[in-house]
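Step one of this worksheet: look at the structure below.
Order of the sequence lines fixes the chain letters, A, B, ..., with proteins taken first and strands second; residue numbering starts at 1 for each chain.
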Protein chains: 2
Amino acid sequence: MSVGVEWAVHSCLNLAWSEPEEAKTALALAAFYELPAAYLNKQLQALTRAGILTSTSGPRGGFRLARHPGAITVLDIVTAIEGVDDAFRCTSILRHGPGGREDQDYSRRCVISQTIRKAELVWRRELAATTLDDLRAAVERQSPRTPQRTQDWFARTRR
Amino acid sequence: MSVGVEWAVHSCLNLAWSEPEEAKTALALAAFYELPAAYLNKQLQALTRAGILTSTSGPRGGFRLARHPGAITVLDIVTAIEGVDDAFRCTSILRHGPGGREDQDYSRRCVISQTIRKAELVWRRELAATTLDDLRAAVERQSPRTPQRTQDWFARTRR
DNA sequence: GTCATACTACTCGGATAAGAACTGTCCGAGTGGGGTAGG
DNA sequence: CCTACCCCACTCGGACAGTTCTTATCCGAGTAGTATGAC
């Protein structure tokens, strides 16, 4: 899995702690964790294409959450960066085995494919069960001062 | 995930259907699904290093299951090919954020890391719940003639 | 006929390349705001 | 003083390299079986 996933979730969380109408630039979001700005920008673009963020160009532009933090799951972010394809690719090798038929869809029928795809399903379900709001609440339980500190940092940095 | 995982599980299943003391060569296992033999050999080497298979060189050599099919899980095979590392790498970017401490282990403390690693845990647990014996039983329920057909094919091919 | 020996074919194992994906960088298109000049 | 226009700095977006991982291939080390010859 790309490191971009980690960056993306952290950045989305930072966006969740700011005023919804105030956009944050890729440069500011990258500086927060000392990340390469141009590359983080690439990840934010992917999030924008996926409809998780909205972007505006020009002065006072940047990225904002496209919807309420409670409506954005960790799975949304992961699939935005990694793509929607399963990690396991069933190439239907049973087709080329003895007694295999070319016209059969072995990715559905193959027991091995079923097993691994079921595992990916529970993985997906687990990630879909956590929203940005859940993450925010969990962080605030652990470090209550994080929201304020984050807002202060961005306020200081913008000038 | 590598395609090698798919090849490895299918090949292990074929080994489970043969006499335990009879070794199968990488060439034969590859020919069964028309796979590139040298590359499949590489995957079988990984399974051998992981202690899932045993290998013997020379004439009448090849690969055999190192233990009973009921004692080999799908997770064993996946980690043998893919490595034991998690797919998600927490690089502890919180360390470089404001208020971050260099000496803290954020991969344990970070809520985001916890969430994604928990998802990987259930994925792992799911794969660990299925053994080669389970797969064999499931296939035989679906296509009862598969074991016989597989054995016949290898018997015909060896000469 | 039996045994020891050398040879040969076979198989794994790791070293070696080609290709793809991830990681990282750079510059151009478009935008909004502010400055400036005219009324 | 107010307004309209123009210029400029700012930001995203996609095009462009460097590096690592996946995919694929090849040849050498070691082994077991077999043929051969001596006893």
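Here D:dT11 presents its P atom at 10 Å from CZ of A:R60, a figure rounded to the nearest Å. As a whole-Å value, the separation of B:L53 CG from C:dT11 P is 17 Å. As a whole-Å value, the separation of B:D85 CG from D:dT22 C1' is 16 Å.
B:D152 is linked by a salt bridge (Lys or Arg N to Asp or Glu O under 4.0 Å) to nothing, counting only residues two or more places apart in sequence or in another chain. In this view, B:F88 satisfies the ring-ring contact (aromatic ring centres under 6.0 Å, His included) rule with no residue, not counting sequence neighbours.
If you chain together ILVMFWY residues whose side-chain heavy atoms come under 4.5 Å of each other, B:V122 ends up grouped with A:V122.
Applying the side chain to side chain donor-acceptor pair (under 3.5 Å) test to residues at least two apart or on different chains, the pairs with a partner in residues 61-70 of chain A are A:R67-A:D76.
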Could you pull out every donor-acceptor pair under 3.5 Å between side chains of residues 38-49 of chain B and any protein atom, sequence neighbours left out?
| from | atom 1 | to | atom 2 | distance (Å) |
| --- | --- | --- | --- | --- |
| B:Y39 | OH | B:Q43 | NE2 | 3.4 |
| B:T48 | OG1 | B:L44 | O | 2.8 |

Contact string for nucleotides 12-23 of chain C, one letter per nucleotide 5' to 3', B = base within protein heavy-atom range under 4.0 Å, S = sugar-phosphate only, - = neither, reads SBBB-------B

